[in-house]
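Letters A, B, ... are given to chains in the order of the sequence lines, protein chains preceding strands, and every chain is numbered from 1.
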2 protein chains.
Amino acid sequence: MDRESLELRSTITADGTLRLNLEPVVLPEPGPGQLLVRVEASPINPSDLGLMFGAADMETLALEGQVLTARVPDRSMPAMQGRIGQSLPVGNEGAGTVIEAGPDQQHLLGKRVAMFGGAMYARLRLIAVQDCLVLPEGASAEEGAALFINPLTALGFIETMRAEGHTAITHAPAASNLGQMLVRICQADGIGLVNIVRSPEQVALLRDLGATHVVDSSANSFRQDLTEAIAATGATLSFDAIGGGEMTSTILNAMEAVAARSMTGYDRYGSAVLKQGYIYGALDTGPSVLRRGFGFSWSVGGWLLFHVLQRLDPAVVQRMRQRVVEEMTTTFASHYTARITLEQALEPETVASYMRKSTGAKYLLTPQQS
Amino acid sequence: MDRESLELRSTITADGTLRLNLEPVVLPEPGPGQLLVRVEASPINPSDLGLMFGAADMETLALEGQVLTARVPDRSMPAMQGRIGQSLPVGNEGAGTVIEAGPDQQHLLGKRVAMFGGAMYARLRLIAVQDCLVLPEGASAEEGAALFINPLTALGFIETMRAEGHTAITHAPAASNLGQMLVRICQADGIGLVNIVRSPEQVALLRDLGATHVVDSSANSFRQDLTEAIAATGATLSFDAIGGGEMTSTILNAMEAVAARSMTGYDRYGSAVLKQGYIYGALDTGPSVLRRGFGFSWSVGGWLLFHVLQRLDPAVVQRMRQRVVEEMTTTFASHYTARITLEQALEPETVASYMRKSTGAKYLLTPQQS
């Protein structure tokens with residue numbers, strides 16, 4: 001069988017050049033527990049862009065033959081030390097059809113699977129069966145392409161909430177595909193959710209989905225609206241994908257203002273209510289600024305799906321995966337605004353579009369097209 | 001018996017005036033479980049200054065008769081709402097002699113005790129016996145004045161370290177009375193400690209105490225020195241009393257640099273080593289700035305002695321209190337540079353001195369002097 005693939009690779013060289021290219025590779029025959037999958041669809045998530053472009057200056061993108069290059073500023077090179085000279089495959093998740101299977105996995109030949117684990121921006125992917133979800137008969141690759149990161153992240157928020165004793169969640173920015181999944185989950189499960197969005201259009205989008213508490217950070221009344229929504233839900237836990245700036249700080253201060261309403265006397269150390277903020281993304285890579293008007297009972301931390309899945313009870317993770325497959329076309333449906341080939345992913349003008357990170361624009365790679 | 005006392009009180013009025021005065025009060029007879037104590041010594045801790053002066057502009061201090069006043073800027077008044085119009089007693093801890101006791105506490109008459117619980121800047125304090133430590137025969141009030149906050153905070157750091165699975169600590173700023181206690185405890189208990197100080201003089205001070213790892217944040221080589229000290233100790237936990245600025249961020253980035261040395265491959269999400277920073281003070285009340293070069297496995301949170309004591313096993317807290325009394329003149333000895341009366345505590349020039357918060361200047365109130 002022909003196991004020739006093309007893999008999108010990202011390399012940063014010691015002299016400060018980012019190189020993106022399509023690398024021809026020949027994959028080995030799948031062994032026990034392995035599948036060889038023809039990758040048919042893979043989303044471009046914010047979490048993919050960091051690995052693809054590192055700290056490159058996007059103003060310097062240039063296509064030289066079939067290689068896309070960009071300059072990495074000198075000041076950013078120390079943070080890139082760990083990857084210098086390595087040709088790194090890209091693409092966290094995807095879906096495709098099993099074209100070859102290890103001796104113990106022959107029953108999966110011809111099935112469509114969702115996959116997780118990197119190197120998905122490729123024609124073919126050799127993968128362990130435990131990193132796959134077998135999709136129901138008739139499911140399209142597009143439906144299965146993004147069943148890991150966003151769905152498990154959204155469900156992971158809920159499990160984190162339960163494990164740490166909170167009862168409601170504040171989420172920013174909430175109009176993303178992930179945010180929309182969270183709206184549907186919280187609605188189905190009866191969990192209070194405060195959605196922070198960035199425009200009146202996004203308010204309308206989430207209200208149409210049935211969201212109860214949607215506050216617009218571009219409104220003058222933002223802080224007041226946020227405080228009232230937190231009061232209504234009792235949220236003491238937040239998830240913030242922006243990272244830089246003051247979003248988590250603003251949320252924690254609003255939570256403290258709500259907690260202060262129930263205090264009987266003045267306490268200059270603030271309320272005893274624990275306010276937990278998690279930063280799970282870096283849409284803004286600038287520093288996080290905490291204006292500590294929220295007393296001493298607070299915590300802000302990083303939240304990473306891979307770490308959380310390792311910490312959770314395996315039975316809980318199994319239940320999460322089960323739910324994702326059952327609700328793939330409803331709760332966990334993703335919407336794409338554009339479909340591009342591997343070759344198009346290297347065109348500077350296309351890169352500029354999918355780098356914009358604005359909610360609403362969502363790209364799907366279709367590696368079998370050319 | 002005469003139970004007339006004077007209490008130092010702090011009030012912020014609705015029109016934005018801070019008022020500090022000595023309020024004459026008559027205390028009731030001690031009931032069961034209570035002691036009436038003649039307060040002989042009480043330290044001025046950074047944690048007292050916040051309650052005494054709130055958000056007042058220290059440039060506007062003025063003594064009007066026997067009342068010290070200052071203006072609270074309009075922009076700071078919202079944060080003061082919880083205390084408007086309340087005459088708040090001040091002084092977290094102190095020591096003195098029992099002059100009257102509840103019917104079940106007569107055996108404590110004439111004993112010297114260390115006390116904790118506010119309202120210590122006063123001639124007399126009516127207090128529950130469980131908020132006292134009975135001092136050994138011959139102990140002076142000065143020796144007993146500061147046996148709660150700094151000693152239990154230092155021991156609380158150690159218990160937090162154990163409870164959360166860390167093995168060494170980074171502390172800033174480390175030359176304070178509290179920092180010196182921590183040096184002695186870690187030395188006695190064989191715990192790795194990275195001391196961050198602010199001058200070469202403070203480096204010498206801690207080295208004289210026997211500290212192994214002392215790094216000077218005013219040195220050009222600070223970040224490098226810090227990283228090497230963290231590598232040598234394996235510290236993944238830090239305590240920061242500065243709060244504002246980048247100290248905790250700098251520490252976490254140094255911890256990540258150390259963790260990265262043991263990583264076998266590049267991971268753009270950073271190391272999986274959990275880096276925990278606690279902020280336990282607000283010497284700098286400005287925003288905390290986190291430059292998130294430390295991956296996703298991190299947490300920064302508030303740390304407050306009162307909350308921690310409530311969370312710890314009561315047997316652990318009892319063991320901590322026992323150790324404090326046993327080592328009061330060694331590990332937990334405090335040093336004072338000035339002794340002042342209640343009346344002097346209201347003089348603007350004296351206030352300016354004890355507000356300076358610079359390590360090395362430490363004031364003791366002696367309420368029986370006048």
Side-chain angles (χ1 to χ4, degrees), chain A residues 10 12 47-48 50-52 54 78-86 88 243-244 246 248-249 252 257 260 263 265-272 274-282 284-308 310, chain B residues 10 12 47-48 50-52 54 78-84 86 88 243-244 246 248-249 252-253 257 260 263 265-272 274-282 284-308 310:
Chain A
S10 170
I12 291 177
S47 55
D48 295 307
L51 187 59
M52 277 177 88
M80 300 290 110
Q81 280 312 312
R83 55 172 292 182
I84 297 293
Q86 299 172 47
L88 300 170
E246 300 197 16
T248 289
S249 179
L252 264 54
M263 289 174 72
Y266 176 68
D267 188 333
R268 76 211 146 87
Y269 296 113
S271 79
L274 177 62
K275 299 156 292 286
Q276 173 72 54
Y278 282 115
I279 293 178
Y280 76 97
D284 177 347
T285 56
S288 312
V289 176
L290 302 175
R291 300 191 185 275
R292 306 182 317 287
F294 35 70
F296 276 82
S297 194
W298 61 276
S299 176
V300 172
W303 193 99
L304 188 67
L305 179 60
F306 318 119
H307 297 165
V308 173
Q310 279 161 15
Chain B
S10 170
I12 291 177
S47 56
D48 295 309
L51 188 58
M52 278 177 86
M80 300 289 110
Q81 282 310 314
R83 55 172 292 183
I84 297 292
Q86 300 172 44
L88 301 170
E246 300 197 16
T248 289
S249 179
L252 264 56
N253 277 304
M263 289 173 71
Y266 177 68
D267 188 333
R268 75 211 147 88
Y269 296 114
S271 78
L274 177 63
K275 299 156 291 287
Q276 172 73 54
Y278 282 116
I279 292 178
Y280 76 96
D284 177 347
T285 56
S288 311
V289 175
L290 302 176
R291 299 190 186 277
R292 304 181 319 286
F294 35 70
F296 276 83
S297 194
W298 62 276
S299 175
V300 172
W303 192 98
L304 189 67
L305 178 61
F306 318 119
H307 296 166
V308 173
Q310 280 161 14

Review point. Where on A/Ile279 is there a heavy atom nearer than 4.5 Å to chain B: the side chain, the backbone, both, or neither?
Key: both

Point to revise | Reported CD1-to-OH distance for the pair B/Ile12 and A/Tyr266, which is rounded to 0.5 angstrom | key: 7.0 Å

Review point. What are the two closest heavy atoms between A/His307 and B/Ser271, and how far apart are they?
Key: CE1-O, 4.3 Å

Point to revise | Leading residue by heavy atom contact count with chain A [cutoff under 4.5 Å; candidates B/Val289, B/Val300, B/Leu88, B/Asp267] | key: B/Val300

Exercise for review: Could you tell me which of A/Gly244, A/Ala260, A/Ala79, A/Gly293 has the largest number of non-hydrogen atom pairs under 4.5 Å with chain B?
Suggested key: A/Gly244

**Study point:** Approximate separation, where rounding is to 0.5 Å, of A/Leu51 CG and B/Tyr269 OH
**Key:** 8.0 Å

Check your understanding: Highest number of heavy-atom pairs under 4.5 Å with chain B: which of A/Ser288, A/Gly265, A/Gly277, A/Gly270?
Key -> A/Ser288

Review point. Side chain, backbone, both or neither: which part of B/Phe306 has an atom under 4.5 Å from a heavy atom of chain A?
Key: side chain

**Study point:** Proximity breakdown for B/Arg268 and chain A, heavy-atom pairs closer than 4.5 Å
**Key:** side chain

Check your understanding: For the atom pair CZ (A/Arg291) and OG1 (B/Thr285), what is the distance rounded to the nearest 0.5 Å?
Key -> 11.0 Å

Check your understanding: Top residue by heavy-atom pair count (under 4.5 Å) with chain A, among B/Gly286, B/Ser297, B/Ser47?
Key -> B/Ser47

Revision key, fill the gap. Note: vs chain B, highest number of non-hydrogen pairs under 4.5 angstrom among A/Gly54, A/Gly243, A/Ser249, A/Gly50 is A/Gly243

Review point. Out of curiosity, B/Trp303 CH2 to A/Ser299 OG, how far, rounded to the nearest 0.5 Å?
Key: 15.0 Å

Review point. If every non-hydrogen atom of A/Asp284 is compared with every non-hydrogen atom of B/Arg292, which pair is closest and at what distance?
Key: O-NH2, 3.2 Å

Point to revise | Rounded distance [0.5 Å steps], OG1 in A/Thr248 versus CG in B/Leu290 | key: 10.0 Å

Revision key, fill the gap. Output for pair (A/Phe296 CZ, B/Leu305 CG), nearest 0.5 Å, gives 11.5 Å

